[in-house]
Amino acid sequence: MNAAPADQIRLLDLQAIDSRLDQLAHRRRSLPEHAEIDKANADHTALTSLVVAAQAQLGDTTRELAKAEGDVEQVRARTARNQQRLDSGAVGSPRDLENLQHEVGSLAKRQSDLEDVVLEIMERMESAQTRVTELTARLDHSTVVLKEAEARREAAFAEIDADAEKVKRDREAVATVIPADLLKLYIRLREQQGGVGAARLYQRRCEGCRVEFAVSDLNAIKAEPKDAVVRCDNCGRILVRTAESGA
């Protein structure tokens with residue numbers, strides 16, 4: 001393939017632009033905010049599960065307390081009825097009176113035991129409520145952290161994308177003046193060679209693979225017509241000759 005030396009040199013301009021686009025794309029993929037967002041999402045998900053579990057525990061404890069308090073009220077009501085019968089003198093039989101007094105004593109013990117249960121449940125409910133409050137605060141904070149990281153990422157995206165759009169316009173201006181066959185070869189080699197399709201021959205060295213040519217190889221390149229599209233024997237990239245190539 002042949003191409004005017006000026007068109008071949010333009011490949012170096014195009015390569016520099018494409019490398020800049022690759023750098024911007026890599027920067028976009030490698031923003032530290034990506035890791036921050038992943039961690040914030042994981043924290044948020046874990047905290048959400050903890051909050052749900054804590055709220056469920058609080059709900060269970062609240063229902064348990066309501067039942068225990070109901071049991072206490074039933075005992076109190078029965079005690080009050082029995083005491084009223086005792087105070088009224090309506091119980092005439094000594095045996096019935098003894099049984100009623102014994103039941104009042106038993107109910108008093110039962111009420112005391114149930115009230116202890118209520119106090120224990122209330123303590124557990126207070127702890128459960130405290131945990132819900134603490135976890136909810138942590139969840140709210142994680143939401144803020146996540147949104148802030150997402151906002152920083154979007155701001156970085158906007159900056160990178162704006163730079164990329166400008167570079168793409170520069171690329172279009174350069175690519176349109178390069179012959180189609182030369183451009184096609186460059187694009188193919190760029191895809192095959194890790195993003196670098198054309199490299200400068202600088203002081204006997206290919207700047208694509210950094211291999212230094214022997215004098216005989218350099219003389220062979222020097223013997224090629226100026227418009228010949230030379231390829232590096234080592235990496236296969238287009239080897240662009242300039243005034244500093246020594247060939």
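Position 1 is the first residue of the sequence, and the numbers go up from there. For the numbers below, each heavy atom of this structure counts, side chains included, while hydrogens, waters and symmetry mates do not. All values derive from a computational prediction rather than experimental measurement.
Rounding to the nearest 0.5 Å places NZ of Lys147 at 10.5 Å from OG of Ser142. Rounding to the nearest 0.5 Å gives a distance of 11.0 Å between CD1 of Ile221 and CZ of Arg204. Taken to the nearest 0.5 Å, the CG atom of Leu50 stands 11.0 Å off from the OG1 atom of Thr45. To the nearest 0.5 Å, the span separating CD on Glu212 from CG on Leu218 amounts to 9.5 Å. Note that CD of Gln23 and CG of Asp163 are 11.5 Å apart. Values are rounded to the nearest 0.5 Å. With values rounded to the nearest 0.5 angstrom, Asn41 atom CG is found 12.0 Å from Glu36 atom CD.
When all heavy atoms are compared, the tightest approach of Tyr202 to Glu207 is CB-OE2, 3.5 Å. Heavy atoms only, all atoms of each residue included: Arg237 and Gln193 are closest at NH2-O, 2.9 Å.
Enclosure of atom CZ in Arg95 is not indicated, since only 12 or fewer non-hydrogen atoms of other residues, nucleotides or ligands lie within 6.0 angstrom. For His34, the NE2 atom sits in a packed shell: over 12 heavy atoms of surrounding residues, nucleotides or ligands are nearer than 6.0 Å. For Asp233, the CG atom is loosely surrounded, since the number of other residues' heavy atoms within 6.0 Å does not exceed 12.
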Checklist entry - How far apart are the C-alpha atoms of Val72 and Val117, what are their side-chain angles, what is the distance that settles it, and do they pass the side-chain contact (heavy atoms from CB on, under 4.5 Å) test? => result CA-CA 10 Å; Val72 170; Val117 171; over 6 Å; no
Next on the checklist: Quick one, Asp22 with Arg190, criterion side-chain contact (heavy atoms from CB on, under 4.5 Å). Give me CA distance, side-chain angles, the key distance, then yes/no.
Outcome noted: CA-CA 11 Å; Asp22 290 343; Arg190 180 171 136 75; 2.8 Å; yes
Checklist entry - Would Glu191 and Arg188 satisfy salt bridge (charged side-chain N to carboxylate O under 4.0 Å, His left out), going step by step from the backbone distance to the final call? => result CA-CA 5 Å; Glu191 292 172 351; Arg188 177 168 61 82; over 6 Å; no
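Cluster annotation: Val104 and Leu114 are assigned to distinct hydrophobic clusters (Ile/Leu/Val/Met/Phe/Trp/Tyr, side-chain heavy-atom contacts under 4.5 Å, transitive).
Ala228 is linked by a side chain to side chain contact (heavy atoms under 4.5 Å, CB included) to Asn2, Glu224, Pro225, Arg241, counting only residues two or more places apart in sequence or in another chain. Residues passing the side chain to side chain contact (heavy atoms under 4.5 Å, CB included) test with Lys166 are Arg169, Asp170, sequence neighbours excluded. Glu115 is linked by a salt bridge (charged side-chain N to carboxylate O under 4.0 Å, His left out) to Arg76, counting only residues two or more places apart in sequence or in another chain. Here Ala6 pairs with Arg10 under the side chain to side chain contact (heavy atoms under 4.5 Å, CB included) rule; sequence neighbours left out.
Within the structure, the ring pair (Phe, Tyr, Trp, His ring centres under 6.0 Å) test picks out no pair touching residues 93-119 (sequence neighbours left out). Sorted by first and then second residue, the ring pair (Phe, Tyr, Trp, His ring centres under 6.0 Å) pairs involving residues 41-64 (not counting sequence neighbours) form an empty list. Pairs of residues two or more places apart, or lying in two chains, that qualify as salt bridge (Lys or Arg N to Asp or Glu O under 4.0 Å) and include a residue from residues 40-51 are Lys39-Asp43.
In this structure the side chain of Gln15 reaches within 4.5 angstrom of the side chain of Ser19, judged on heavy atoms. The shortest side-chain heavy-atom distance between Asn219 and Val215 falls under the 4.5 Å cut-off. Counting heavy atoms from C-beta on, the side chains of Glu103 and Arg78 come closer than 4.5 Å. When side chains are defined from C-beta on, Cys206 counts as touching Leu239, because their heavy atoms get closer than 4.5 Å.
Judged by distance alone, with hydrogens and angles left aside, the side-chain atoms of Arg205 form no donor-acceptor pair with the main-chain N or O of Val211 at under 3.5 Å.
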Less than 3.5 Å apart, which donor and acceptor atoms pair up between the side chains of residues 129-140 and the rest of the protein, not counting sequence neighbours?
residue, atom, partner, partner atom, Å
Gln129, NE2, Thr133, OG1, 3.4
Thr130, OG1, Glu126, O, 2.9
Thr133, OG1, Gln129, O, 2.9
Thr136, OG1, Val132, O, 2.7

Going by atom type alone, with no hydrogens or angles, which donor-acceptor pairs under 3.5 Å involve a side-chain atom of residues 55-65 and a protein atom two or more places apart or on another chain?
residue, atom, partner, partner atom, Å
Asp60, OD1, Arg63, NH2, 2.5
Thr61, OG1, Gln57, O, 2.8
Thr62, OG1, Leu58, O, 2.7
Glu64, OE1, Arg124, NH1, 3.4
Glu64, OE1, Arg124, NH2, 3.2
Glu64, OE2, Arg124, NH2, 2.8

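Through direct or indirect side-chain contacts shorter than 4.5 Å among Ile, Leu, Val, Met, Phe, Trp and Tyr, Tyr186 is connected to Met1, Ile9, Leu11, Leu12, Leu14, Ile17, Leu21, Leu24, Leu31, Phe157, Ile160, Val167, Val174, Ile178, Leu182, Leu183, Leu185, Ile187, Leu189, Val229, Ile238, Val240. Cluster partners of Val144 are absent, since no Ile, Leu, Val, Met, Phe, Trp or Tyr has side-chain heavy atoms less than 4.5 Å from it. Clustering of Ile, Leu, Val, Met, Phe, Trp and Tyr by side-chain heavy atoms under 4.5 Å joins Val52 with none of the others.
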